[in-house]
Amino acid sequence: MDLSITHPADFHVHLRQGALSELVTPHVRKGGFCTAYVMPNLKPPITTTDQALVYKATLEAIEPNVQFLMTLYLSPELTPDEIRKAKNAGIVGVKSYPRGVTTNSDGGIESYETYYPVFEVMQEVDLVLNLHGEIPSNSNIHILNAEPSFLPHLHKIHSTFPRLRIVLEHATTRAAIEAVKACGDTVACTITVHHLELTVDDWAGQSWNFCKPVAKYPDDRQALRDIVKEGHPRFFLGSDSAPHPPRNKSTSTPSCGCAAGIYTSPILLPLTAHILESFGALDRLEGFVSTFGRDFYKVPANASKVVLKRGVNGATFLIPEGGYTLKDESVVPFWAGKQINWTISK
Ligand code: NCD
Ligand code: ZN
(Lines give C-alpha, C1' and ligand atoms only; values in the text may rest on other atoms or scores of the structure.)
(Ligands and ions follow the chains in the order given, each with its own letter.)
Protein backbone atom coordinates (compact mmCIF):
# COMPACT_ATOMS: atom_id res chain seq x y z
CA MET A 1 0.00 0.00 0.00
CA ASP A 2 1.28 3.46 -0.88
CA LEU A 3 0.24 6.76 0.69
CA SER A 4 0.95 10.03 -1.06
CA ILE A 5 1.20 13.05 1.26
CA THR A 6 1.27 16.67 0.11
CA HIS A 7 4.33 18.69 1.19
CA PRO A 8 4.67 17.68 4.86
CA ALA A 9 5.64 20.42 7.31
CA ASP A 10 7.21 19.97 10.75
CA PHE A 11 6.06 22.94 12.83
CA HIS A 12 8.60 22.58 15.68
CA VAL A 13 12.14 21.33 15.16
CA HIS A 14 15.58 21.93 16.69
CA LEU A 15 18.32 22.11 14.07
CA ARG A 16 21.17 23.23 16.37
CA GLN A 17 24.40 24.81 15.12
CA GLY A 18 27.94 23.85 14.07
CA ALA A 19 28.83 20.23 13.34
CA LEU A 20 25.67 18.86 14.98
CA SER A 21 23.59 21.03 12.64
CA GLU A 22 25.45 19.61 9.62
CA LEU A 23 24.48 16.14 10.79
CA VAL A 24 20.82 16.76 11.67
CA THR A 25 19.60 19.39 9.16
CA PRO A 26 19.57 16.97 6.18
CA HIS A 27 17.53 14.58 8.32
CA VAL A 28 14.46 16.82 7.91
CA ARG A 29 14.24 15.71 4.30
CA LYS A 30 15.36 12.19 5.06
CA GLY A 31 12.37 11.95 7.40
CA GLY A 32 10.03 13.05 4.59
CA PHE A 33 9.59 16.75 5.42
CA CYS A 34 10.01 19.72 3.10
CA THR A 35 9.18 22.56 5.51
CA ALA A 36 10.74 23.08 8.95
CA TYR A 37 9.68 25.59 11.60
CA VAL A 38 13.01 26.22 13.30
CA MET A 39 13.42 26.78 17.04
CA PRO A 40 15.70 29.62 18.23
CA ASN A 41 17.19 28.10 21.42
CA LEU A 42 20.78 28.13 20.26
CA LYS A 43 23.80 29.21 22.30
CA PRO A 44 23.47 32.20 22.28
CA PRO A 45 19.74 32.26 21.46
CA ILE A 46 18.47 33.82 18.22
CA THR A 47 17.08 37.12 19.51
CA THR A 48 17.40 39.41 16.46
CA THR A 49 16.25 39.38 12.85
CA ASP A 50 19.83 39.63 11.64
CA GLN A 51 20.87 36.56 13.63
CA ALA A 52 17.84 34.63 12.34
CA LEU A 53 18.69 35.48 8.72
CA VAL A 54 22.31 34.36 9.15
CA TYR A 55 21.08 31.13 10.76
CA LYS A 56 18.60 30.58 7.91
CA ALA A 57 21.35 31.03 5.31
CA THR A 58 23.53 28.52 7.18
CA LEU A 59 20.72 25.95 7.20
CA GLU A 60 19.98 26.55 3.50
CA ALA A 61 23.64 25.99 2.67
CA ILE A 62 23.49 22.63 4.45
CA GLU A 63 20.12 21.58 2.98
CA PRO A 64 18.88 23.66 0.02
CA ASN A 65 15.75 21.55 -0.49
CA VAL A 66 13.95 22.45 2.71
CA GLN A 67 11.89 25.57 3.33
CA PHE A 68 13.04 26.96 6.70
CA LEU A 69 10.58 29.11 8.64
CA MET A 70 12.42 31.13 11.27
CA THR A 71 11.60 32.23 14.82
CA LEU A 72 13.03 34.61 17.42
CA TYR A 73 13.59 33.88 21.12
CA LEU A 74 11.44 36.05 23.36
CA SER A 75 13.73 38.04 25.65
CA PRO A 76 14.08 41.62 26.94
CA GLU A 77 16.14 42.45 23.85
CA LEU A 78 13.08 41.99 21.66
CA THR A 79 11.50 45.40 21.04
CA PRO A 80 8.34 46.32 19.10
CA ASP A 81 10.61 47.81 16.39
CA GLU A 82 12.49 44.54 16.09
CA ILE A 83 9.14 42.74 15.65
CA ARG A 84 8.31 44.97 12.66
CA LYS A 85 11.76 44.37 11.22
CA ALA A 86 11.33 40.62 11.72
CA LYS A 87 7.97 40.61 9.94
CA ASN A 88 9.41 42.50 6.98
CA ALA A 89 12.29 40.00 6.79
CA GLY A 90 9.92 37.01 6.63
CA ILE A 91 10.40 35.75 10.19
CA VAL A 92 7.27 33.81 11.13
CA GLY A 93 7.11 33.59 14.92
CA VAL A 94 8.47 34.30 18.37
CA LYS A 95 9.13 31.49 20.85
CA SER A 96 8.67 31.95 24.56
CA TYR A 97 10.53 29.71 27.00
CA PRO A 98 9.76 30.12 30.70
CA ARG A 99 13.08 30.47 32.49
CA GLY A 100 14.92 27.26 33.27
CA VAL A 101 12.30 24.68 32.21
CA THR A 102 14.15 23.03 29.34
CA THR A 103 17.32 22.87 27.23
CA ASN A 104 18.90 26.34 26.74
CA SER A 105 16.14 28.26 28.49
CA ASP A 106 18.28 30.16 31.01
CA GLY A 107 17.45 33.37 29.16
CA GLY A 108 13.73 32.58 29.26
CA ILE A 109 10.99 34.83 30.53
CA GLU A 110 9.62 35.33 34.03
CA SER A 111 6.54 37.48 33.45
CA TYR A 112 4.28 37.71 30.41
CA GLU A 113 2.90 41.19 31.17
CA THR A 114 6.36 42.63 30.58
CA TYR A 115 6.00 41.57 26.96
CA TYR A 116 2.55 43.00 26.27
CA PRO A 117 3.94 45.85 24.11
CA VAL A 118 5.73 43.20 22.03
CA PHE A 119 2.59 41.02 21.81
CA GLU A 120 0.58 44.09 20.75
CA VAL A 121 2.81 44.64 17.72
CA MET A 122 2.95 40.91 16.98
CA GLN A 123 -0.84 40.93 16.85
CA GLU A 124 -0.83 43.98 14.58
CA VAL A 125 1.71 42.62 12.07
CA ASP A 126 0.49 38.99 12.43
CA LEU A 127 3.55 37.24 13.83
CA VAL A 128 2.85 33.94 15.65
CA LEU A 129 3.54 33.49 19.39
CA ASN A 130 4.86 30.00 20.20
CA LEU A 131 4.48 29.07 23.85
CA HIS A 132 6.49 26.45 25.71
CA GLY A 133 3.65 25.81 28.15
CA GLU A 134 5.28 24.92 31.45
CA ILE A 135 5.70 26.76 34.73
CA PRO A 136 9.17 26.46 36.29
CA SER A 137 9.30 24.11 39.29
CA ASN A 138 8.85 25.53 42.79
CA SER A 139 7.43 24.23 46.06
CA ASN A 140 4.07 23.39 44.42
CA ILE A 141 5.05 22.93 40.80
CA HIS A 142 6.84 19.89 39.41
CA ILE A 143 7.28 18.33 35.99
CA LEU A 144 3.94 16.50 36.15
CA ASN A 145 1.74 19.54 36.83
CA ALA A 146 3.88 22.20 35.12
CA GLU A 147 1.76 22.20 31.96
CA PRO A 148 -1.76 22.34 33.48
CA SER A 149 -0.48 25.10 35.78
CA PHE A 150 0.59 27.12 32.74
CA LEU A 151 -2.84 27.11 31.07
CA PRO A 152 -4.21 30.21 32.87
CA HIS A 153 -1.38 32.15 31.17
CA LEU A 154 -2.56 30.88 27.79
CA HIS A 155 -6.12 32.01 28.47
CA LYS A 156 -4.99 35.38 29.76
CA ILE A 157 -2.76 36.13 26.76
CA HIS A 158 -5.48 34.93 24.37
CA SER A 159 -8.21 37.05 25.98
CA THR A 160 -5.94 40.11 26.07
CA PHE A 161 -4.81 39.64 22.45
CA PRO A 162 -7.67 37.76 20.76
CA ARG A 163 -6.31 38.32 17.24
CA LEU A 164 -2.76 37.23 18.10
CA ARG A 165 -2.08 33.81 16.63
CA ILE A 166 -0.76 31.57 19.41
CA VAL A 167 0.54 28.00 19.29
CA LEU A 168 0.73 26.00 22.49
CA GLU A 169 3.72 23.79 21.77
CA HIS A 170 4.01 20.05 22.35
CA ALA A 171 0.86 19.54 24.46
CA THR A 172 1.02 16.50 26.74
CA THR A 173 -2.13 16.66 28.88
CA ARG A 174 -5.89 16.33 28.53
CA ALA A 175 -6.13 19.71 30.27
CA ALA A 176 -4.01 21.36 27.55
CA ILE A 177 -6.06 19.81 24.74
CA GLU A 178 -9.28 21.03 26.34
CA ALA A 179 -7.83 24.49 26.97
CA VAL A 180 -6.83 24.93 23.32
CA LYS A 181 -10.16 23.58 22.08
CA ALA A 182 -11.95 26.13 24.27
CA CYS A 183 -9.99 29.02 22.71
CA GLY A 184 -10.90 30.80 19.49
CA ASP A 185 -9.57 30.09 16.01
CA THR A 186 -6.38 32.08 16.64
CA VAL A 187 -5.07 29.45 19.08
CA ALA A 188 -3.59 26.16 17.86
CA CYS A 189 -1.51 23.38 19.34
CA THR A 190 1.36 21.19 18.22
CA ILE A 191 1.58 17.53 19.19
CA THR A 192 4.74 15.45 18.91
CA VAL A 193 4.69 11.90 17.62
CA HIS A 194 6.50 10.60 20.72
CA HIS A 195 3.83 12.01 23.04
CA LEU A 196 1.25 9.99 21.07
CA GLU A 197 3.18 6.90 22.17
CA LEU A 198 4.85 7.43 25.56
CA THR A 199 3.55 7.70 29.12
CA VAL A 200 5.41 8.30 32.41
CA ASP A 201 6.38 4.65 32.70
CA ASP A 202 8.37 4.91 29.48
CA TRP A 203 10.77 7.67 30.49
CA ALA A 204 11.29 6.89 34.19
CA GLY A 205 14.55 4.95 33.92
CA GLN A 206 14.84 5.34 30.12
CA SER A 207 16.78 8.48 29.33
CA TRP A 208 16.22 8.28 25.55
CA ASN A 209 12.51 8.79 26.20
CA PHE A 210 13.09 11.85 28.38
CA CYS A 211 12.07 15.23 26.99
CA LYS A 212 10.33 18.36 28.21
CA PRO A 213 7.47 18.45 28.73
CA VAL A 214 7.63 14.86 29.96
CA ALA A 215 5.06 12.35 28.72
CA LYS A 216 2.14 12.14 31.15
CA TYR A 217 -0.50 9.57 32.12
CA PRO A 218 -2.37 7.10 29.85
CA ASP A 219 -5.52 9.24 30.05
CA ASP A 220 -3.55 12.26 28.80
CA ARG A 221 -2.14 10.26 25.92
CA GLN A 222 -5.68 9.14 25.11
CA ALA A 223 -6.77 12.78 24.86
CA LEU A 224 -3.91 13.49 22.40
CA ARG A 225 -4.82 10.45 20.34
CA ASP A 226 -8.52 11.34 20.34
CA ILE A 227 -7.95 14.87 19.06
CA VAL A 228 -5.73 13.56 16.24
CA LYS A 229 -8.31 10.90 15.41
CA GLU A 230 -11.02 13.55 15.34
CA GLY A 231 -9.00 15.49 12.75
CA HIS A 232 -9.38 18.77 14.62
CA PRO A 233 -7.74 21.39 12.36
CA ARG A 234 -6.11 23.37 15.18
CA PHE A 235 -4.02 20.37 16.31
CA PHE A 236 -1.07 19.42 14.13
CA LEU A 237 2.41 17.94 14.14
CA GLY A 238 5.41 19.73 15.61
CA SER A 239 7.95 16.96 16.18
CA ASP A 240 10.04 18.82 18.78
CA SER A 241 12.84 16.67 17.37
CA ALA A 242 15.68 17.64 19.71
CA PRO A 243 19.06 15.97 19.11
CA HIS A 244 21.62 15.64 21.89
CA PRO A 245 25.03 13.93 21.82
CA PRO A 246 24.71 10.43 23.36
CA ARG A 247 27.11 11.40 26.17
CA ASN A 248 24.57 13.99 27.36
CA LYS A 249 21.62 11.59 27.19
CA SER A 250 22.97 8.56 28.97
CA THR A 251 25.13 9.67 31.85
CA SER A 252 26.42 7.32 34.53
CA THR A 253 27.78 10.17 36.64
CA PRO A 254 25.49 10.85 39.63
CA SER A 255 26.06 14.61 39.52
CA CYS A 256 25.13 14.95 35.82
CA GLY A 257 21.52 15.14 34.69
CA CYS A 258 20.20 13.73 31.44
CA ALA A 259 19.60 16.19 28.59
CA ALA A 260 15.92 16.68 27.72
CA GLY A 261 15.04 15.94 24.10
CA ILE A 262 13.91 13.11 21.82
CA TYR A 263 15.25 12.84 18.28
CA THR A 264 12.75 11.92 15.55
CA SER A 265 13.66 13.92 12.41
CA PRO A 266 15.25 11.17 10.25
CA ILE A 267 12.30 8.78 10.71
CA LEU A 268 9.53 11.29 11.26
CA LEU A 269 6.99 10.59 8.51
CA PRO A 270 7.21 6.76 8.61
CA LEU A 271 7.11 6.85 12.41
CA THR A 272 4.08 9.15 12.40
CA ALA A 273 2.28 6.84 9.94
CA HIS A 274 3.14 3.83 12.10
CA ILE A 275 1.91 5.40 15.33
CA LEU A 276 -1.25 6.94 13.84
CA GLU A 277 -2.07 3.58 12.28
CA SER A 278 -1.58 1.87 15.67
CA PHE A 279 -4.53 3.78 17.12
CA GLY A 280 -6.71 3.88 14.02
CA ALA A 281 -5.93 7.40 12.79
CA LEU A 282 -4.00 6.73 9.58
CA ASP A 283 -6.72 8.49 7.56
CA ARG A 284 -5.83 11.71 9.44
CA LEU A 285 -2.14 11.58 8.51
CA GLU A 286 -2.16 14.20 5.76
CA GLY A 287 -4.19 16.66 7.81
CA PHE A 288 -1.94 16.18 10.83
CA VAL A 289 1.42 16.47 9.04
CA SER A 290 0.58 18.92 6.29
CA THR A 291 -2.79 20.61 5.80
CA PHE A 292 -3.78 21.74 9.32
CA GLY A 293 -0.47 23.35 10.25
CA ARG A 294 -0.10 24.99 6.85
CA ASP A 295 -3.58 26.46 7.06
CA PHE A 296 -2.99 27.88 10.53
CA TYR A 297 0.41 29.32 9.60
CA LYS A 298 -0.81 30.48 6.17
CA VAL A 299 2.10 28.68 4.52
CA PRO A 300 0.68 27.13 1.36
CA ALA A 301 1.83 23.74 0.11
CA ASN A 302 3.56 23.43 -3.22
CA ALA A 303 2.81 20.53 -5.56
CA SER A 304 5.46 18.24 -4.08
CA LYS A 305 4.35 14.89 -2.68
CA VAL A 306 6.08 12.39 -0.46
CA VAL A 307 5.14 8.76 -0.96
CA LEU A 308 5.05 6.37 1.98
CA LYS A 309 5.18 2.64 1.42
CA ARG A 310 3.86 0.01 3.84
CA GLY A 311 5.81 -3.24 4.09
CA VAL A 312 4.01 -6.06 2.29
CA ASN A 313 3.53 -9.57 3.67
CA GLY A 314 4.55 -8.46 7.15
CA ALA A 315 7.81 -6.82 6.04
CA THR A 316 9.01 -4.08 8.39
CA PHE A 317 11.74 -1.44 8.40
CA LEU A 318 14.48 -1.05 10.99
CA ILE A 319 15.16 2.22 12.82
CA PRO A 320 18.98 2.26 12.88
CA GLU A 321 20.15 0.97 16.25
CA GLY A 322 23.48 2.75 16.10
CA GLY A 323 21.94 6.05 15.05
CA TYR A 324 23.64 8.45 12.63
CA THR A 325 27.18 9.85 12.59
CA LEU A 326 29.04 12.65 10.82
CA LYS A 327 32.66 13.34 11.72
CA ASP A 328 32.75 13.54 15.54
CA GLU A 329 29.01 13.99 16.02
CA SER A 330 26.42 11.28 16.47
CA VAL A 331 22.74 11.10 17.32
CA VAL A 332 20.45 8.24 18.26
CA PRO A 333 16.81 8.36 17.15
CA PHE A 334 13.67 7.50 19.08
CA TRP A 335 12.89 3.77 18.95
CA ALA A 336 16.43 2.91 17.75
CA GLY A 337 16.59 -0.78 16.89
CA LYS A 338 12.80 -1.16 16.53
CA GLN A 339 10.92 -2.21 13.41
CA ILE A 340 8.14 -0.07 11.94
CA ASN A 341 5.61 -0.78 9.19
CA TRP A 342 6.29 2.20 6.95
CA THR A 343 9.16 3.67 4.96
CA ILE A 344 9.60 6.46 2.44
CA SER A 345 9.35 5.30 -1.14
CA LYS A 346 12.48 6.33 -3.06
C1 NCD B 1 14.37 20.84 23.58
C2 NCD B 1 15.85 20.95 23.19
O3 NCD B 1 16.61 20.01 23.44
O4 NCD B 1 16.24 21.97 22.59
N5 NCD B 1 14.23 19.77 24.52
C6 NCD B 1 13.10 19.10 24.81
O7 NCD B 1 13.12 18.25 25.71
N8 NCD B 1 11.99 19.30 24.14
C9 NCD B 1 13.90 22.15 24.11
C10 NCD B 1 12.41 22.27 24.14
O11 NCD B 1 11.77 22.40 23.10
O12 NCD B 1 11.83 22.24 25.23
ZN1 ZN C 1 11.29 22.13 21.32
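Position 1 is the first residue of the sequence, and the numbers go up from there. In listed order, ligands and their atoms are each counted from 1.
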- prompt: Which word best sums up how the rings of Y116 and F161 line up, parallel for under 30°, tilted for 30 to 60°, or perpendicular for over 60°?
  reply: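 Geometry flag for F161 against Y116: perpendicular rings.
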According to the interplanar angle, ranging from 0 to 90°, do the rings of F236 and F296 count as parallel (below 30°), tilted (30 to 60°) or perpendicular (above 60°)?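 Aromatic pair F236/F296 classed tilted.
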Nearest neighbour in protein (non-hydrogen) for [atom]:
atom: atom 7 (O) of ligand 1; answer: K212 N, 2.8 Å
atom: atom 8 (N) of ligand 1; answer: D240 OD2, 2.7 Å
atom: atom 10 (C) of ligand 1; answer: T102 OG1, 3.4 Å

Taking 4.0 angstrom as the limit, do K212 and E147 come out as a salt bridge?
->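 Salt bridge flag = no for E147 with K212.
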Task: Note: E197-R221 ion pair, threshold 4.0 Å (strictly below) - done: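 Result for this pair is no, no salt bridge flagged.
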* Relative to atom 5 (N) of ligand 1, which among A259, A260, P213 owns the nearest non-hydrogen atom? ->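 Answer by nearest heavy atom: A260.
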| Heavy-atom proximity to atom 3 (O) of ligand 1, best of R16, E169, H194 |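 Going through R16, E169, H194 one by one, R16 has the nearest heavy atom to atom 3 (O) of ligand 1.
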Locate the shortest heavy-atom distance separating [X] from [Y]; write the atom from each residue and the value.
X: L144; Y: K216; result: O-CE, 3.6 Å
X: T264; Y: F334; result: CG2-CB, 3.7 Å
X: C258; Y: S207; result: SG-CB, 3.4 Å

Show me which atoms of ligand 1 lie under 4.0 Å from any heavy atom of H132.
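Counting atoms of ligand 1 from 1, those under 4.0 Å from H132 are 12 (O).
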Check your understanding: Short list, please: which atoms of ligand 1 are under 4.0 Å from a heavy atom of H12?
Key ->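 Counting from 1, the qualifying ligand atoms are 11 (O).
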Proximity of H244 to ligand 1 by residue part, where a heavy atom lies under 4.0 Å: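 For H244, the contact with ligand 1 is made by the side chain alone.
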Evaluate [X] for polar contact with ligand 1, using N/O atom pairs at a separation under 3.5 Å.
X: G261; value: yes
X: C211; value: no
X: N41; value: yes

Heavy-atom contact check, 4.0 Å cutoff: does E134 meet ligand 1?
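Checking ligand 1 against E134, which is what was asked, there is no heavy-atom contact under 4.0 Å.
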Within less than 4.0 angstrom of ligand 1, does M39 place any heavy atom?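 So M39 does not count as touching ligand 1.
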Open item on the list: Grouping I, L, V, M, F, W and Y whenever their side-chain heavy atoms are under 4.5 Å apart, do Y97 and V214 come out in a common cluster?
Closed with: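 No, it is not one cluster - the side chains of Y97 and V214 are not joined through contacts under 4.5 Å.
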When you look at K181 and E230, which way does the salt bridge (Lys or Arg N to Asp or Glu O under 4.0 Å) test go after all the steps? CA-CA 12 Å; K181 257 177 121 168; E230 176 185 328; 3.6 Å; yes
Angle subtended at the Zn ion (ligand 2) by D240 OD1 and H14 NE2, rounded to 10 degrees |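 It rounds to 90°.
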Subject >> Name of whichever N/O/S atom of H12 is nearest to the Zn ion (ligand 2) >> reply: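 Sorting the N, O and S atoms of H12 by distance to the Zn ion (ligand 2) puts NE2 first.
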TODO: Output, in order, the C-alpha distance, side-chain angles, deciding distance and verdict of side chain to side chain contact (heavy atoms under 4.5 Å, CB included) for F235 and V228.
DONE: CA-CA 7 Å; F235 293 80; V228 172; 5.8 Å; no
